[in-house]
Amino acid sequence: CTESVPFSLAMFASNPNDIECLFDTINQGGDADTTGALVGSLLGALNGVEIFPNKLVSQTDINYRKRVSDATSRFMAILES
């Protein structure tokens, strides 16, 4: 955690609007599953699902995508109230 979080934040800050940021992070090696998850989450939070290639999104289970979408909608409704 003491290395993964600062590294992930630095990688995200270097290119926060491009999916290449995620690929660059993962290709650095090390704890790539953790840093990739962190950077991917930040990219999605900032840019929405549209930042991810359709090929990757379509390979995710449809029920899981629906649950994530529903949870996001509920969260946004709370923020907007």
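Remember, it's a predicted structure, so these values are computed and weren't measured experimentally.
Here Ser14 contributes atom OG and Leu9 contributes atom CG; the two are 11.0 Å apart, rounded to the nearest 0.5 Å. Leu43 contributes atom CG, which lies 11.0 Å from atom CG of Leu38 (distance to the nearest 0.5 angstrom). Interatomic distance, CD1 of Ile51 versus CG of Leu46, reported as 7.5 Å (0.5 Å rounding). Expressed to the nearest 0.5 Å, how far CZ of Phe12 lies from OG of Ser41 amounts to 10.5 Å. Atoms SG and CZ, on Cys21 and Phe23 in that order, are 10.5 Å from each other to the nearest 0.5 Å. Here the CD1 atom belonging to Ile26 is positioned 10.0 Å from the CE atom belonging to Met11, to the nearest 0.5 angstrom.
Shown here is Asn54, whose CG atom has no more than 12 heavy atoms of other residues, nucleotides or ligands within 6.0 Å.
Thr35 has its side chain out of reach of Gln28: every pair of non-hydrogen atoms, C-beta onward, lies at least 4.5 Å apart. Counting heavy atoms from C-beta outward, Asp70 and Lys66 have side chains that approach closer than 4.5 Å. Under the 4.5 Å side-chain criterion, counting only non-hydrogen atoms from C-beta, Leu42 is not in contact with Pro16. Looking at heavy atoms from C-beta onward, Phe7 lies in side-chain contact with Thr25 at the 4.5 angstrom threshold.
What you find for Leu22 and Gly36 is that their closest heavy atoms are CD1-O, 3.3 Å. The two residues Ser4 and Ser8 have their closest heavy-atom pair at O-OG, 2.7 Å.
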